[in-house]
Amino acid sequence: MRVAEYVHHDAVGLAKLVADGEVTAAELRTAALEAAQAVNPRINAIVETWPADDGPGPAGAPLAGVPFLIKDIGAAMAGRRTELGSRLAAGNVARADSALMRRVRRAGLVTFGRTATSELAYSITTEPVLYGATRNPWDPERSAGGSSGGAGAAVAAGVVPLAHGTDAAGSLRVPAAYNGLFGLKPTRGRVSLGPDFDELFSGLAVAGGVSRTVRDSAALLDQISGPEPGDPYFAQQPSRPYAEEVTRHPGRLRIGVLAQAWGGRRTTAPVADALSRTVALLESLGHRVEEAEAGLGVGWEEYVLANARLFTANLAATVDELAAAFGRPVDSSTLEPATLAGYHYGQRVGGAQFVAALAVRNRVSRSLARSFGTYDILLTPTVPELPVPLGAYAESARTLDGLGWIGTVFDRAPFTMPFNMAGTPAMSVPLAADAETGLPIGMQFAAGHGLESRLFRLAGQLEQASPWSGRVPAIWAGDRTGR
């Protein structure tokens, strides 16, 4: 299969071609590698590719033969490097597959490399010192988002139809919005983090993926969800596969809209205009849309402080573990300024302060849960601005302490993190483009705990109605017109 043909298929479509004998897994992998070689020098999304893999997986696997990439954090593949985007972990090789990796293999996905992440997934832009900045395929002078920026850029550029990522504060949804992709953060406990972890970042982080079509993300979640032995809790499995939900009518939904963020960050004009157009689209589809009242249950400063304590205390423990494992110092030779500042701040977080931060997490969860008693869906912009230029966070990273850095990140992406705290599913859907720059704009839809099915039904409907969804910036051919 030629690359020019390969990039216009989604994962479900490619799997069908393999199942029908029209193309082989080896041919797809060759096309994916050719696409990577063509575009990666321009976008720096992939930090490593591998010369061989296990093949298309079990006979009859639902995604057999489809090329796939895993993020450089959050999915361990036996015998392959996982360096967490950091000099502190450079050269680290996984000794065994994680539970998620085993499920990826059983799904038939052919994993041939790893994508870039911000250092220790600690930023919403992907510009690590270890491998350099990842560039947005729609405008290489702009960020691809983070921390799953490599996944977002690789999928948007057509290297793979879908890719693994993680999300602790928006790390799937921000790259999805920046790159014109679909990205869903699952319910807490939907995808196991075992066997090495029961929780990551105190339950704030989850695993998932980004894709160009809704059905690809649904098919992936069907394959990777479900508990593993020893998980402390898990989300109840749905009554039918998510892949079936995509084609089901969502019914008439009551949708509450938050145009402005809780922390006071103003939504910029291009994004506000895209939100207005999204509201009009939803109303044309028969949904009831109204301005929402959805509080966090705490003040913004208290919210940011609690998150800073949770993030940095977890970060400090991770850094200490890595430093001991590799015999490396914890200083500017191994960590970037923002990460090092977070480490020092986290060292000072006391036990009582950490428990108090968990109590704030609970109050936010309870408050947002009450909102889902009023609305079926909450709608916000995914981020309040267009993709930022590369280097936009550099000064803040150099000058702020751990609390200040978290405050800056949350100010630039205020809409996503509350749903990590609440543990509820939330998706970014590519529904618009800026008229002046052509850059994608994502809209975030969130539902109550365990209600991914509702989101997939709505997303499937929106995909059919939207001219943007599924477009590919085919920079591999020097063509930015999409598909």
Side-chain angles (χ1 to χ4, degrees), residues 167-170 172-173 184-191 198-206 208 221 225 227 231-239 242 245 250-263 282 287-307 309-311 355-382 410 413-429 443-459:
D167 192 318
L172 280 167
R173 289 158 289 158
L184 182 136
K185 178 198 83 68
T187 296
R188 182 182 295 141
R190 176 70 67 206
V191 180
D198 57 358
E199 290 185 335
L200 284 173
F201 282 99
S202 300
L204 302 179
V206 296
L221 190 57
S225 65
D231 285 353
Y233 52 79
F234 58 89
Q236 183 177 355
Q237 288 291 85
S239 59
Y242 295 121
E245 299 290 358
R252 185 172 188 261
L253 300 173
R254 186 177 182 184
I255 300 175
V257 181
L258 289 167
Q260 303 299 333
W262 291 278
L282 290 165
H287 301 297
R288 178 181 173 184
V289 187
E290 59 190 73
E291 185 176 345
E293 295 183 7
L296 295 179
V298 298
W300 184 254
E301 289 185 3
E302 184 180 7
Y303 166 80
V304 171
L305 176 61
N307 275 287
R309 286 171 171 170
L310 292 174
F311 272 96
V355 172
L358 290 175
V360 170
R361 187 191 72 178
N362 178 61
R363 299 212 305 271
V364 171
S365 298
R366 305 294 176 175
S367 183
L368 285 177
R370 287 192 292 272
S371 299
F372 291 122
T374 303
Y375 307 106
D376 299 310
I377 298 282
L378 289 176
L379 164 64
T380 77
T382 307
F410 283 15
F415 292 109
T416 52
M417 178 59 204
F419 302 107
N420 292 82
M421 264 202 153
T424 58
M427 64 182 182
S428 182
V429 184
M443 292 292 125
Q444 178 179 239
F445 298 83
H449 189 275
L451 293 179
E452 286 94 335
S453 295
R454 180 176 292 172
L455 292 178
F456 276 124
R457 289 195 294 268
L458 177 60

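- Screening Leu253, Val289, Val257 for a side chain to side chain contact (heavy atoms under 4.5 Å, CB included) with Leu282, the sole residue that qualifies is Val289.
- To the nearest 0.5 Å, atom CG of residue Asp376 and atom CG of residue Leu458 are 10.0 Å apart.
- Looking at heavy atoms from C-beta onward, Pro425 lies out of side-chain contact with Arg190 at the 4.5 angstrom threshold.
- Listed by chain and number, the residues in a ring-ring contact (aromatic ring centres under 6.0 Å, His included) with Trp262 amount to none (sequence neighbours excluded).
- For the pair Glu452/Pro186, a side-chain contact is recorded, criterion being any heavy-atom separation below 4.5 Å from C-beta on.
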* **Stepwise side chain to side chain contact (heavy atoms under 4.5 Å, CB included) check, Met421 with Leu310** => CA-CA 11 Å; Met421 264 202 153; Leu310 292 174; 4.2 Å; yes
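- Under the rule for a ring-ring contact (aromatic ring centres under 6.0 Å, His included), the partners of Phe311 that lie at least two apart in sequence or sit in another chain are Phe201.
- Across Ser365 and Ala422, no two heavy atoms sit closer than the pair OG-CA, 3.2 Å.
- No side-chain donor-acceptor contact under 3.5 Å links Thr382 to the backbone of Arg173.
- Across Thr187 and Val206, no two heavy atoms sit closer than the pair O-CG1, 4.3 Å.
- Residue Glu293 qualifies as open at atom CD: its count of foreign heavy atoms under 6.0 Å is 12 or below.
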* Evaluate the criterion side chain to side chain contact (heavy atoms under 4.5 Å, CB included) for residue pair Phe415 and Met443; output intermediate values, then yes/no. => CA-CA 10 Å; Phe415 292 109; Met443 292 292 125; over 6 Å; no
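- Nearest heavy atoms, Gly297 versus Arg363: O-NE, 4.1 Å.
- Ala447 approaches Ile377 most closely through the heavy-atom pair CB-CD1, 4.0 Å.
- Atom CZ of Phe234 sits about 16.0 Å away from atom CZ of Arg188, to the nearest 0.5 Å.
- Note that the CG atom of Leu258 and the CG atom of Leu379 stand 8.0 Å from one another [nearest 0.5 Å].
- Within the model, atoms OG1 of Thr424 and CZ of Phe372 stand 4.5 Å from one another, a figure rounded to the nearest 0.5 Å.
- Remark: Glu290 CD to Arg254 CZ distance equals 4.0 Å, nearest 0.5 Å.
- For the pair Leu172 and Leu184, the tightest heavy-atom approach, listed with the atom from each and the gap, is CD1-O, 3.7 Å.
- Scanning all heavy atoms of the two residues, the minimum distance from Val191 to Ser225 falls at CG2-CA, 4.3 Å.
- For Arg457, the salt bridge (Lys or Arg N to Asp or Glu O under 4.0 Å) partners two or more places apart in sequence, or in a different chain, are Glu245.
- Within the model, atoms CZ of Arg361 and CG of Leu204 stand 6.5 Å from one another, a figure rounded to the nearest 0.5 Å.
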